[in-house]
Trainee: 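My questions all concern the structure below.
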2 protein chains.
Amino acid sequence: MPVKNLNCDLQMCQEIGQTCAMFNLRKATRALTQVYEEIMKPSGILPNQFTLLVVIRAMGPVAITRMAEVLVMDRTTLTRNLKPLERDGLVTVKPSRHDKRSREVNLTKKGLKHLVQAVPLWREAQQKIRASLGGNRLDRMIADLTAVVGSAAMI
Amino acid sequence: MPVKNLNCDLQMCQEIGQTCAMFNLRKATRALTQVYEEIMKPSGILPNQFTLLVVIRAMGPVAITRMAEVLVMDRTTLTRNLKPLERDGLVTVKPSRHDKRSREVNLTKKGLKHLVQAVPLWREAQQKIRASLGGNRLDRMIADLTAVVGSAAMI
DNA sequence: GCATGTATAGTGTATATACACCTAATAACT
DNA sequence: AGTTATTAGGTGTATATACACTATACATGC
């Protein structure tokens, strides 16, 4: 029997689906994003936007490229993800004085206000996942995810 | 000092970034998708498209909604993700005979051929991550991700 | 058989993601 | 100072994602 026919049979495809790191990561991300989005909906801030606000708050005035590095996000993706936040007046993006190429991302008062209001809802979502998964397991998984980011950067 | 000012200080935001399940999941997904995409590039198939082909192969002719359930993906997202594959002749989507509402997704010969060619590249990417993370840790993380999907479905 | 309810799917719109390519400003070299 | 290399950033295009809404076909009850 030729090996070629075995290169991609049904059983193999089932196994690929069960073992593929990327597929399972994407799947879990879709599922979890829905949970946060549903719970955080009253804040008017989407989960991904929430993380941007948190990072800006944590890093203070920060350049696009530097912020993108921390987010492990393509620079151009970040530029576009900031657009809705700029439009809604939650953040400002203005040229740096020292380096005219660079642009500084800042949290506005309105942005901070919305962030403060969103945090309790984030806590609620986070707590529900934590209670459902178990604290140890969640902490372990986040450590593993951090390791994945480190590994991916080296490959 | 009013508690309100402490609702979202710098330290808190740093902690949120480090502990948020969704943020760390999204970050790891971005990082890992890049790895698979880079390695699988010669196949001409994007990582997410690869997973669709694998699932179609594993499920045989399958309806949109059923396939979306397995992928933990919104039905309308799947419809749109199938478009490029249809356009390139890798899959067909045609009405079912038994139920005129339902539409069956099928893998074409061309689709199978491309899938067979992509599998070795997927294996290469998967193996690199596995070697870097360690097999036990990878298996454990995938089990945790599966648990996340289960938990999210119940919340 | 018909009215109503339910199931299946697509579209409009908005956000999320990244590559290829381009522009402009700074840095480095001579 | 002038030339070149590097760095910071945006745009065009394409895929990925999901909600609200709509259209159609099947199922159920009478």
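In what follows, chains carry the letters A, B, and so on, assigned in the order in which the sequence lines appear, proteins first and then strands, with residues in each chain numbered from 1. As a basis for the values below, the full set of heavy atoms in this structure was taken, side chains included, without hydrogen atoms, waters or symmetry mates. Bear in mind that the values here come from a model prediction, so they are computed numbers and not experimental data.
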Trainee: I would like to know whether A:Met22 and A:Leu25 meet side-chain contact (heavy atoms from CB on, under 4.5 Å); could you show each step before the answer?
Mentor: CA-CA 5 Å; A:Met22 187 212 55; A:Leu25 255 176; 5.6 Å; no

Trainee: Out of curiosity, A:Asp9 CG to A:Glu15 CD, how far, rounded to the nearest 0.5 Å?
Mentor: 9.5 Å

Trainee: From the options C:dA9, D:dG10, D:dA25, select the nucleotide whose nearest atom is closest to the side chain of A:Arg103.
Mentor: D:dG10

Trainee: Can you list, by chain and residue number, the hydrophobic cluster partners of A:Val149 when the side-chain cut-off is 4.5 Å?
Mentor: A:Val72

Trainee: Taking atom P of C:dA16 as reference, at what distance in whole Å does atom CZ of A:Phe50 sit?
Mentor: 14 Å

Trainee: Tell me the interatomic distance from B:Gln49, atom CD, to D:dT17, atom P, rounded to whole angstroms.
Mentor: 11 Å

Trainee: How long is the straight-line distance from CZ of A:Phe23 back to CG of B:Leu145, given to the nearest 0.5 Å?
Mentor: 11.5 Å

Trainee: Do any side-chain nitrogens or oxygens of B:Asn48 fall under 4.0 Å of OP1 or OP2 in C:dT17?
Mentor: no

Trainee: For C:dA9, does OP1 or OP2 lie under 4.0 Å from any side-chain N or O of B:Thr79?
Mentor: no

Trainee: Just the rounded figure in Å: distance from C1' of D:dA27 to NZ of B:Lys100.
Mentor: 16 Å

Trainee: Would you mind reading off the distance between A:Asp74 atom CG and D:dA16 atom P, rounded to a whole angstrom?
Mentor: 16 Å

Trainee: Just N and O in the side chain of B:Thr76: are any of them under 4.0 Å from OP1 or OP2 of D:dA18?
Mentor: no

Trainee: Under 4.0 Å from any atom of DNA chain D, heavy atoms only: list the residues of residues 60-69 of chain A that qualify, in numerical order.
Mentor: A:Ala63, A:Ile64, A:Thr65

Trainee: Give me the residues of residues 18-46 of chain A where at least one heavy atom lies under 4.0 Å from an atom of DNA chain D, by number, or none.
Mentor: A:Arg26, A:Arg30, A:Gln34, A:Lys41

Trainee: First locate atom OG1 of A:Thr29, then atom NZ of B:Lys27, and finally report the distance between them rounded to the nearest 0.5 Å.
Mentor: 12.5 Å

Trainee: Quick one: the side chain of A:Arg101 and the base of C:dA24, do they pair up donor-acceptor inside 3.5 Å?
Mentor: no

Trainee: How far does CD1 of A:Ile142 sit from OG1 of B:Thr19, to the nearest 0.5 angstrom?
Mentor: 6.0 Å

Trainee: What is the distance, rounded to the nearest whole Å, between atom CE of A:Met73 and atom C1' of D:dA16?
Mentor: 14 Å

Trainee: So B:Thr33 and B:Asn48, do their side chains get closer than 4.5 Å, heavy atoms only?
Mentor: no

Trainee: Looking at DNA chain D, which of residues 80-93 of chain B put a heavy atom within less than 4.0 Å of it?
Mentor: B:Arg80, B:Asn81, B:Pro84, B:Arg87

Trainee: Over how many whole Å does the gap from A:His98 atom NE2 to C:dA24 atom C1' extend?
Mentor: 19 Å

Trainee: Taking side-chain hydrogen bond (donor to acceptor under 3.5 Å, both in side chains) as the cut-off, I'd like each qualifying pair that reaches into residues 107-133 of chain B, sequence neighbours left out, listed once.
Mentor: A:Ser151-B:Ser132, B:Tyr36-B:Gln126, B:Arg130-B:Asp139

Trainee: Just distance, no hydrogens or angles: give the donor-acceptor pairs under 3.5 Å from side chains in residues 73-89 of chain A, sequence neighbours left out.
Mentor:
residue, atom, partner, partner atom, Å
A:Asp74, OD2, A:Thr76, N, 2.9
A:Asp74, OD2, A:Thr76, OG1, 2.6
A:Thr79, OG1, A:Arg75, O, 3.2

Trainee: Can you check the A:Leu52 CG to C:dT15 P distance for me, whole Å?
Mentor: 13 Å

Trainee: Can you tell me the distance, in whole Å, between the CZ atom of A:Arg75 and the P atom of D:dT6?
Mentor: 17 Å

Trainee: Given side chains that start at C-beta, do those of A:Phe50 and A:Leu115 come closer than 4.5 Å, heavy atoms only?
Mentor: yes

Trainee: Can you tell me how far the CZ atom of A:Arg137 sits from the CZ atom of B:Arg140, to the nearest 0.5 Å?
Mentor: 10.0 Å

Trainee: Distance check, rounded to the nearest 0.5 Å: B:Leu90 atom CG versus B:Asn106 atom CG?
Mentor: 13.0 Å

